[in-house]
Novice: 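This is the structure I have questions about; it appears just below.
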Amino acid sequence: MLEVFVDAATAGTPKVSAVGVFIKGEGHLVKWSEYVGEMDNHMAEFTALVKGLELARDLSSQMVSIKSDSQVAVEAFDRGFTKNPKFKPLLEEALRLSEGFDYCFIKWIPDSQNRAADDLARTKLRAHKKK
């Protein structure tokens with residue numbers, strides 16, 4: 001099984017964000033991050049979720065455990081629904097990607113257990129801000 005840790009970092013005015021994905025398991029160790037531009041933290045968390053699922057798909061795994069410290073993203077993914085229309089396209093994409101796995105589930109974890117993905121996102125955001 002792959003463990004897929006996803007997180008986002010957001011700062012500034014206007015709000016700018018970066019996302020990080022850390023994947024381990026099945027002989028894989030993936031560290032990925034990207035600056036994603038102007039968006040609030042919740043949007044960035046959904047963006048990280050989608051990217052984590054895309055990266056897991058590319059590793060051809062059939063069992064994926066997604067871990068996130070975003071209660072908003074975790075609850076929306078679990079329910080398969082969000083009231084917020086701006087999150088809906090990203091949630092729908094995450095749900096579509098999850099259908100490609102035999103088993104795919106998500107779990108909320110505290111920040112302290114999501115350090116790897118958090119560090120990736122924060123490092124990318126700091127690097128962008130220095131430009």
Side-chain angles (χ1 to χ4, degrees):
M1 173 175 32
L2 288 180
E3 289 183 280
V4 180
F5 295 83
V6 298
D7 203 4
T10 302
T13 304
K15 300 272 187 216
V16 293
S17 299
V19 296
V21 178
F22 179 79
I23 300 175
K24 66 180 183 176
E26 298 180 7
H28 299 286
L29 184 62
V30 175
K31 297 177 181 180
W32 179 92
S33 61
E34 180 177 53
Y35 173 75
V36 292
E38 286 188 31
M39 66 179 68
D40 67 33
N41 192 257
H42 291 310
M43 285 293 291
E45 294 283 1
F46 278 96
T47 301
L49 173 60
V50 168
K51 189 59 184 183
L53 286 163
E54 289 173 347
L55 291 167
R57 175 198 60 201
D58 293 346
L59 296 174
S60 301
S61 179
Q62 290 306 307
M63 292 180 61
V64 178
S65 172
I66 306 160
K67 300 185 180 176
S68 172
D69 57 24
S70 169
Q71 289 184 321
V72 171
V74 169
E75 289 174 7
F77 187 85
D78 265 346
R79 288 190 318 251
F81 175 77
T82 180
K83 290 181 182 179
N84 191 320
K86 74 179 186 178
F87 302 153
K88 193 171 183 178
L90 289 168
L91 175 60
E92 288 174 351
E93 179 65 7
L95 293 169
R96 185 190 66 74
L97 287 163
S98 74
E99 292 172 359
F101 302 100
D102 289 342
Y103 299 98
C104 181
F105 52 94
I106 194 166
K107 179 181 179 185
W108 177 85
I109 58 173
D111 295 343
S112 61
Q113 293 177 21
N114 205 18
R115 290 277 184 241
D118 180 67
D119 288 346
L120 289 165
R122 288 184 187 282
T123 299
K124 185 60 78 171
L125 186 60
R126 280 193 300 272
H128 177 78
K129 289 171 79 175
K130 287 182 181 178
K131 290 182 181 180

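Computation of the quantities below employed the complete heavy-atom set of this structure, encompassing side-chain atoms and omitting hydrogens, waters and symmetry-equivalent molecules.
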Novice: Do you reckon Phe87 sits in the same ILVMFWY cluster as Ile106, going by side-chain contacts under 4.5 Å, direct or chained?
Specialist: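 Phe87 clusters together with Ile106.
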Novice: When Glu3 is tested against each of Lys67, His28, Lys107 for side-chain hydrogen bond (donor to acceptor under 3.5 Å, both in side chains), which residue passes?
Specialist: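 It is Lys67, the one option of Lys67, His28, Lys107 that forms the side-chain hydrogen bond (donor to acceptor under 3.5 Å, both in side chains) with Glu3.
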Novice: Which value, rounded to the nearest 0.5 Å, describes the distance between Thr123 atom OG1 and His128 atom NE2?
Specialist: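 NE2 of His128 is found 14.5 Å from OG1 of Thr123.
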Novice: Consider side-chain contact (heavy atoms from CB on, under 4.5 Å). Of Val74, Asp69, Val72, Leu90, which one does Glu45 pass it with?
Specialist: Asp69
Novice: Looking at every heavy atom in both Gln113 and Phe5, which two are closest together, and how far apart are they?
Specialist: O-CE2, 3.7 Å
Novice: Grouping I, L, V, M, F, W and Y whenever their side-chain heavy atoms are under 4.5 Å apart, do Leu2 and Val30 come out in a common cluster?
Specialist: yes
Novice: Just how far is it from atom CG of Asp102 to atom OG of Ser61, taken to the nearest 0.5 Å?
Specialist: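 One gets 9.0 Å once the value is rounded to the nearest 0.5 Å.
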Novice: Write down the atom of Gly20, the atom of Leu120, and the distance for their closest heavy-atom approach.
Specialist: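 It is CA-CB, 4.0 Å.
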Novice: Would you say the side chain of Leu91 lies within less than 4.5 Å of the side chain of Phe46, judging by non-hydrogen atoms?
Specialist: yes
Novice: What pair of heavy atoms forms the shortest contact from Leu29 to Lys24, and how long is it?
Specialist: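 Looks like CD1-CB, 4.2 Å.
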Novice: Looking at CZ of Phe81 and CD of Glu92, how far apart are the two atoms once the value is rounded to the nearest 0.5 Å?
Specialist: 10.5 Å
Novice: List in chain and number order the residues that pass side chain to side chain contact (heavy atoms under 4.5 Å, CB included) with Ala94, two or more places apart in sequence or in another chain; answer none if no residue qualifies.
Specialist: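 Applying side chain to side chain contact (heavy atoms under 4.5 Å, CB included) to Ala94 gives Leu49, Val50, Leu53, Phe77.
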Novice: Nearest 0.5 Å, please: how far is CD in Gln71 from CG in Asp78?
Specialist: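 Rounded to the nearest 0.5 Å, the CG-CD separation comes to 11.5 Å.
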Novice: Does any part of the side chain of Arg57, heavy atoms only, come nearer than 4.5 Å to the side chain of Phe101, both counted from C-beta?
Specialist: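 A side-chain contact exists here, since the closest heavy-atom pair is under 4.5 Å.
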Novice: Can you name the nearest heavy-atom pair linking Phe22 to Ala116, along with the distance?
Specialist: CG-CB, 3.6 Å
Novice: Please give me the minimum heavy-atom distance between Asp7 and Ala121, naming the atom from each residue.
Specialist: O-CB, 4.0 Å
Novice: Nearest heavy-atom pair of His42 and Asp40: which atoms, and what distance?
Specialist: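 Result for this residue pair: N-OD1, 3.1 Å.
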Novice: For a 4.5 angstrom cut-off between non-hydrogen side-chain atoms, does Val19 reach Val6?
Specialist: no
Novice: What distance do Ser70 atom OG and Ile109 atom CD1 have between them, rounded to the nearest 0.5 Å?
Specialist: 11.0 Å
Novice: Find the distance between CD1 (Ile23) and CG (Leu59) and round it off to the nearest 0.5 Å.
Specialist: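 The CG atom of Leu59 is 5.5 Å from CD1 of Ile23, to the nearest 0.5 Å.
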Novice: Where the side chain of Glu26 meets the backbone of Met1, is there a donor-acceptor pair that is under 3.5 Å apart?
Specialist: yes
Novice: List in chain and number order the residues that pass side chain to side chain contact (heavy atoms under 4.5 Å, CB included) with Thr10, two or more places apart in sequence or in another chain; answer none if no residue qualifies.
Specialist: Lys15, Ser17, Asn41, Ala44
